[in-house]
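Report on one structure; see the data block that follows.
All figures in this text were calculated on a predicted structure; none of them were measured in a lab.
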Protein chains: 2
Amino acid sequence: MAAGNDTSGPSPDQRLSIGEVAQRAGRRASSIRYYESIGVLPQPERIAGQRRYGPDVLRQLAVIDAAQRGGLSLEQIRDLFTASRTGTPVGDQLRALAERQLPELDALIARAETSRHWLRAASTCQCLTLDDCPLVAPDVPWHCS
Amino acid sequence: MAAGNDTSGPSPDQRLSIGEVAQRAGRRASSIRYYESIGVLPQPERIAGQRRYGPDVLRQLAVIDAAQRGGLSLEQIRDLFTASRTGTPVGDQLRALAERQLPELDALIARAETSRHWLRAASTCQCLTLDDCPLVAPDVPWHCS
DNA sequence: GTCCACCCTCGAGGCGACTTGAAGTCAAGG
DNA sequence: CCTTGACTTCAAGTCGCCTCGAGGGTGGAC
C-alpha cells in the first residue's frame, strides 16, 4: 500500500495522481493517457515519472465531456483547446464548429425520431411473417396489427 | 460487354446479378456479399458460380434499410429474418426488440437534443478563452456572450 | 482468338474512441 | 528485504459495418 498513490480520500496537496483524476472524473486512467497522447490534454507535471495533475484537469475533462456530448470529435476538441491556448478567440472557433455540426446533428435527430416512430409501431406489431408486415414495406405509412 | 451481366436495363428474365441488385438497391455489391456472409441475406441460387437473385431480394434489402434506420444492428436484423423463416411470429420479435431499443433510442435523442442546445449556444459564443466560457462550465446554464 | 465487363473468393484495412495486456518501475509498510 | 499496489510504456485488440485489392474465372461481342 502506498500512501501517495492512494485513490481514496483527498491527497494532502492538490496534486492528483492519474488514478484519482480518473475516479473523480468517472473515466478510466487509460482514457486520460489516451487524451494526452492525442494532444487533447496537455502533458502534466511528473514526479518520479508519474503524472501529477492540478485541479484544473477536472474542469478540462468536464469540457471534453460537454463538447463530446455536443457531438464534437476529439480532434475538434483538441483544436478548440489549442486555439484557446494560443489566444485565438474561442467564440470564433465554436461558431465555426457549430455551423458545421448543427446540420449533421439535426439530420441525426431527424433520423432518430423516424426510428423511434418505427420502433413504436413495431412494438404493436402482430404480424406473423416479415412478408406481410407493413412495417418493413418501403414507402408505406407504418402501422401494424 | 456481356449481355447477361449488363447492369443497365432490365434483364430478359427476373434473375438479377449482384451488380444489378446493388444498383437498384443503392448499395455496393460488397455489402450484399457481406450480408450474405453474416447470414442476414440467404444464399441465392448460382449460375456458373455467380449469384442470381429473384426480385424478392430488393424487398429484403429494403427491410434491412428500414430496420437499420430503426436502430437495429445487423445481428438483430438477422435474428428477425431467421425468426420469420422459421415461423416464429415476427410481431413478438419486433415487440421484444422495440422494448430493448426504445429506451436506448430515447436516451440517444435526449443526448442529441442537449447537444443541439449546446451547439446553438456555442454559435453565439463571444468568449476569448475556454476558461471564461460558461459553455464549458459544468452545471451552469448555457448562454454566452 | 482477343477483349472487356462483370463476376468469384479471401484476407486485409479503416473508422473513432478507447481498452487490455505484458513487462517493468517506484515508494511505502511490515 | 520483500511485498503490495499504483503507476509507467508500447503494441495490439475491440466494436460494427463495411470497403478494397489481389488474383483468377466466365461468357458474349467482334
Side-chain angles (χ1 to χ4, degrees), chain A residues 1-9 11-13 15-41 43-53 61 64-65 67-79 101 104 108 111, chain B residues 1-9 11-13 15-41 43-53 61 64-65 67-79 101 104 108 111:
Chain A
M1 188 78 73
N5 291 341
D6 196 348
T7 47
S8 61
S11 291
D13 55 6
R15 299 279 128 192
L16 304 170
S17 71
I18 197 170
E20 284 171 316
V21 172
Q23 197 189 23
R24 297 194 191 186
R27 296 188 167 265
R28 308 270 178 105
S30 65
S31 86
I32 295 170
R33 286 192 205 100
Y34 173 67
Y35 290 161
E36 184 185 325
S37 78
I38 61 172
V40 166
L41 287 180
Q43 301 198 346
E45 179 191 1
R46 279 172 187 254
I47 295 179
Q50 302 196 356
R51 294 167 179 81
R52 293 296 137 152
Y53 295 91
L61 282 168
I64 293 171
D65 274 359
Q68 276 190 318
R69 278 195 306 270
L72 304 192
S73 68
L74 288 176
E75 198 180 355
Q76 292 171 321
I77 295 170
R78 181 191 55 198
D79 294 347
Q101 298 303 122
E104 270 181 53
L108 171 70
R111 275 199 308 276
Chain B
M1 188 76 73
N5 292 340
D6 196 347
T7 47
S8 62
S11 288
D13 54 7
R15 299 279 129 192
L16 304 168
S17 72
I18 196 170
E20 285 170 316
V21 172
Q23 197 190 24
R24 297 195 193 186
R27 298 188 165 264
R28 308 277 175 104
S30 64
S31 85
I32 295 170
R33 288 192 204 102
Y34 174 65
Y35 291 160
E36 183 185 325
S37 77
I38 61 171
V40 167
L41 288 180
Q43 301 198 347
E45 178 192 0
R46 280 172 187 253
I47 295 179
Q50 302 196 356
R51 295 167 179 83
R52 292 297 137 154
Y53 296 90
L61 282 167
I64 293 171
D65 274 358
Q68 277 190 316
R69 278 196 306 271
L72 304 192
S73 68
L74 288 177
E75 200 180 351
Q76 293 171 320
I77 295 170
R78 182 191 54 199
D79 295 347
Q101 298 302 122
E104 268 182 52
L108 171 71
R111 276 199 307 278

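Regarding A:E36, its CD atom lies at a distance of 9 Å from the P atom of D:dT8, rounded to whole Å. If you measure from atom CD of A:E75 to atom P of C:dC18, you get 14 Å, rounded to the nearest angstrom. Taking atom CZ of residue A:R52 and atom P of nucleotide C:dC26, one finds them 14 Å apart after rounding to whole Å. Residue A:I32 contributes atom CD1, which lies 14 Å from atom C1' of D:dA6 at whole-angstrom precision. Rounded to an integer number of Å, the gap from CG of A:L72 to C1' of C:dA17 is 15 Å. Rounding to whole angstrom units, CD of residue B:Q43 and P of C:dC7 are separated by 18 Å. Note: CD (B:Q68) to P (D:dC17) measures 7 Å, nearest angstrom. If you take CD of B:E45 and P of C:dC7, they are 16 Å apart, rounded to a whole angstrom.
Counting non-hydrogen atoms of other residues, nucleotides and ligands closer than 6.0 Å to CD of B:Q68 gives a total above 12. Other residues, nucleotides and ligands place no more than 12 heavy atoms under 6.0 Å from the CD atom of B:Q43.
Nearest to the side chain of A:Q50, among C:dC7, D:dT19, D:dC7, sits D:dC7. Relative to the side chain of A:A48, the nucleotides C:dA27, D:dT26, C:dA17 differ in distance, and C:dA27 lies closest.
Using a 4.0 Å heavy-atom criterion, one finds that B:L74 contacts the sugar-phosphate atoms exclusively. Backbone-only engagement by B:I18 is indicated by non-hydrogen atom pairs under 4.0 Å involving sugar-phosphate atoms exclusively. Counting any heavy atom pair closer than 4.0 Å across all strands shown, B:Q76 reaches no nucleic acid atom. Counting non-hydrogen atoms under 4.0 angstrom, A:R28 reaches the backbone sugars and phosphates but no base.
Here A:R46 reaches the OP1 or OP2 of D:dT9: one of its side-chain N or O atoms lies under 4.0 Å away. In this model, the phosphate group of C:dC18 is not approached by any side-chain N or O of A:S30 to a distance below 4.0 Å at OP1 or OP2. Remark: A:Y34 is not in phosphate contact with C:dG16, judged by side-chain N or O atoms under 4.0 Å from OP1 or OP2. OP1 or OP2 of D:dC18 has at least one side-chain nitrogen or oxygen of B:Y35 nearer than 4.0 Å. Phosphate proximity of D:dC18 to B:S31: absent, as no side-chain N or O sits under 4.0 Å from OP1 or OP2. Remark: A:R51 is in phosphate contact with D:dT9, judged by side-chain N or O atoms under 4.0 Å from OP1 or OP2.
Between B:Y34 and B:L74, the shortest heavy-atom distance links the atoms CE2-CD1, 3.7 Å. Here the closest non-hydrogen pair linking B:Q76 and B:Q101 is NE2-OE1, 2.9 Å. Annotation for A:R28 and A:A22: closest pair C-CB, 3.9 Å, computed over non-hydrogen atoms.
Nearest-nucleotide mapping onto DNA chain C: of A:R27 and B:G49, the residue sitting toward the 5' end is B:G49.
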### Message
For A:L61 and A:R24: C-alpha separation, side-chain torsions, deciding distance, then whether side-chain contact (heavy atoms from CB on, under 4.5 Å) applies.
### Response
CA-CA 10 Å; A:L61 282 168; A:R24 297 194 191 186; over 6 Å; no
